[in-house]
Q: 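Below is a structure I'd like to ask you about.
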2 protein chains.
Amino acid sequence: MAADQLSLVFQALADPIRRAILTRLTNGDATVAELAEPFNVTQPAISRHLKVLEAAGLISRSRRATARLSHLEAEPLRDVTTWLARYQRFWDESHERLDELLAALQNNRQNGTDRAEAVPTKGNEDG
Amino acid sequence: MAADQLSLVFQALADPIRRAILTRLTNGDATVAELAEPFNVTQPAISRHLKVLEAAGLISRSRRATARLSHLEAEPLRDVTTWLARYQRFWDESHERLDELLAALQNNRQNGTDRAEAVPTKGNEDG
DNA sequence: TTGTTTCAAAACGAGTAGGTTAAATATGCG
DNA sequence: CGCATATTTAACCTACTCGTTTTGAAACAA
């Protein structure tokens, strides 16, 4: 129900067809029919995938005669990357030990700086 | 059903509670009860969130007496970042024009190198 | 206006997601 | 063993997702 933007983006990316559509759009704008062509699903199904992508801000749309063009909007992917950056040190084996130590140190001095990754307050949301 | 790994990861990340759990785990391993504490959901609900995260490869689990510890496994996030890297040029305004040109050039010389982002063959999947 | 093309919306069904409560399971203690 | 603690599983509910087919709407051409 009306999730936050980041959730909408992740949700949109969770479907292989939608990811493939985004990949296709890196080659340029395309009509619904063009986007539907590679898949074994009907046109209304693609139409709804596009609606999901649009709600996530991953595409924008325009008209050309009776056709509707989809255009890639990669901005939300930047936000995803930003969110992911925080975890980069955890998959970087060579630095993992050091960074765990640093994290422990930052936990110890508990002066609440604004860069804290505080556990969400009762209710939810991530940092 | 039984989606590919990347879809599982995106799906897992699409829930704010699960993202918050991952954030919490950057501070160190935690029990189910500890992970449940910040949220207004029951403990079995968290238990199932953890199951989703484990299926996506984002956490591993171990025992300590009766408790079960969750441990962050960031490796799948590296794959996500890899997938996203392909789109970086599309949100990098200053390079967008240039990169579109480069993409066009690489489309023109159609010697199928392994870095091609071919549209999926009839069936689905993204590149 | 009539028709054609291209797409969106409506209505439906099967399956999944995420929540609950209540019961089952695993581990360690006295 | 008998019990407490911590967590999982089962059963159930509601709501959403993703697909379908059918119907409706927008843009344009004749």
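Within every chain, numbering begins at 1; the chains are lettered A, B, ... in the order of the sequence lines, protein sequences first and strands thereafter.
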Q: How does protein contact run along nucleotides 25-30 of chain D, one letter per nucleotide 5' to 3', with B for base contact, S for sugar-phosphate only, - for none, heavy atoms under 4.0 Å?
A: -SBS--
Q: Using the test side-chain hydrogen bond (donor to acceptor under 3.5 Å, both in side chains), find all partners of B:Asp29 that sit at least two apart in sequence or belong to another chain.
A: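 In terms of side-chain hydrogen bond (donor to acceptor under 3.5 Å, both in side chains), with neighbours along the sequence ignored, B:Asp29 is linked to B:His71.
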Q: Of A:Gln11 and A:Pro44, whose nearest nucleotide on DNA chain D comes first from the 5' end?
A: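 The residue mapped nearer the 5' terminus is A:Gln11.
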Q: Can you give each donor-acceptor pair under 3.5 Å made by side-chain atoms of residues 8-18 of chain A, sequence neighbours left out, with the distance rounded to 0.1 Å?
A:
from: A:Asp15; atom 1: OD1; to: A:Ile17; atom 2: N; distance (Å): 2.8
from: A:Asp15; atom 1: OD1; to: A:Arg18; atom 2: N; distance (Å): 3.3
from: A:Arg18; atom 1: NE; to: A:Ala12; atom 2: O; distance (Å): 2.8
from: A:Arg18; atom 1: NH1; to: A:His49; atom 2: ND1; distance (Å): 3.1
from: A:Arg18; atom 1: NH2; to: A:Gln11; atom 2: O; distance (Å): 3.2

Q: I need the minimum non-hydrogen distance between B:Arg19 and A:Tyr87, along with the two atoms involved.
A: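 Nearest pair, atom of B:Arg19 first, then A:Tyr87: O-OH, 3.9 Å.
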Q: For A:Arg78, does its backbone N or O pair with a side-chain atom of A:Thr82 as donor and acceptor, under 3.5 Å?
A: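 It does hold such a pair.
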Q: Do the side-chain N or O atoms of A:Thr31 get closer than 4.0 angstrom to the phosphate oxygens (OP1, OP2) of C:dC7?
A: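 Indeed, a polar side-chain atom of A:Thr31 lies that close.
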Q: Atom CG of B:Leu13 and atom P of C:dA17: how far apart are they, to the nearest Å?
A: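 Distance check: B:Leu13 CG to C:dA17 P gives 15 Å.
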Q: Give the rounded distance in Å between these two atoms: CD of A:Glu34 and P of C:dT5.
A: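 That distance rounds to 17 Å.
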Q: Applying side-chain contact (heavy atoms from CB on, under 4.5 Å), can you list everything that pairs with B:Ser47, at least two apart in sequence or on another chain?
A: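 By the side-chain contact (heavy atoms from CB on, under 4.5 Å) rule, B:Ser47 matches no residue at all.
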Q: How long is the line joining CG of B:Asp29 and P of D:dA6, in whole Å?
A: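 About 17 Å, once rounded to whole Å.
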Q: With no hydrogens and no angle check, is any side-chain donor or acceptor of A:Gln5 less than 3.5 Å from a backbone partner on A:Ala56?
A: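 Yes, because the side chain of A:Gln5 sits within donor-acceptor range (under 3.5 Å) of the backbone of A:Ala56.
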Q: Can you get from B:Ile21 to B:Val52 by hopping between Ile, Leu, Val, Met, Phe, Trp and Tyr side chains that sit under 4.5 Å apart?
A: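 In one cluster with B:Ile21: B:Val52, no.
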Q: Which residues pass the side-chain contact (heavy atoms from CB on, under 4.5 Å) test with A:Thr31, sequence neighbours left out?
A: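 By the side-chain contact (heavy atoms from CB on, under 4.5 Å) rule, A:Thr31 matches A:Ala33, A:Glu34, A:Arg64, A:Ala67, A:Leu69.
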Q: side-chain contact (heavy atoms from CB on, under 4.5 Å) with B:Arg61: which residues, sequence neighbours excluded?
A: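 B:Arg61 satisfies side-chain contact (heavy atoms from CB on, under 4.5 Å) with B:Val32, B:Leu50, B:Glu54, B:Ile59, B:Arg68, B:Ser70 once adjacent residues are dropped.
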Q: Quick one: side-chain hydrogen bond (donor to acceptor under 3.5 Å, both in side chains) partners of B:Ser60, sequence neighbours excluded?
A: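 For B:Ser60, the residues satisfying side-chain hydrogen bond (donor to acceptor under 3.5 Å, both in side chains) (neighbours in sequence not counted) are B:Glu73.
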Q: Taking DNA chain D as the partner, which of residues 45-62 of chain A come within under 4.0 angstrom of it by heavy atom?
A: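 Here the set is A:Ala45, A:Arg48, A:His49.
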Q: To the nearest angstrom, how far is B:Gln43 atom CD from D:dT9 atom P?
A: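 Nearest whole value for this atom pair: 11 Å.
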Q: For the pair made of CZ in A:Arg19 and C1' in D:dC18, what is the distance, rounded to whole Å?
A: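 Roughly 15 Å, once rounded to whole Å.
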Q: Whole-Å distance between D:dG19 P and A:Arg18 CZ?
A: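 Interatomic distance, CZ of A:Arg18 to P of D:dG19: 8 Å.
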Q: Of the candidate nucleotides D:dT20, C:dA8, C:dG19, which contains the atom at the shortest distance from the side chain of A:Val41?
A: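 Looking only at heavy atoms from C-beta outward on A:Val41, the closest nucleotide is D:dT20.
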Q: Taking the minimum atom-to-atom distance to the side chain of B:Ala67, which one of C:dA9, D:dC18, D:dA6 wins?
A: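 Within the option list, the nearest is D:dA6.
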Q: If you fit an axis to the five pairs at each end of the helix from C:dT1-D:dA30 to C:dG30-D:dC1, how big is the angle between those two axes, to 10 degrees?
A: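 Overall, the helix from C:dT1-D:dA30 to C:dG30-D:dC1 bends by 10° from one end axis to the other.
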Q: Nearest whole angstrom, please: distance from the C1' of D:dT7 to the CD of B:Glu37.
A: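 That distance rounds to 17 Å.
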Q: Identify, with sequence neighbours excluded, every residue that meets side-chain contact (heavy atoms from CB on, under 4.5 Å) alongside A:Thr42.
A: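 Per chain and number, A:Thr42 pairs via side-chain contact (heavy atoms from CB on, under 4.5 Å) with A:Pro44, A:Ala45.
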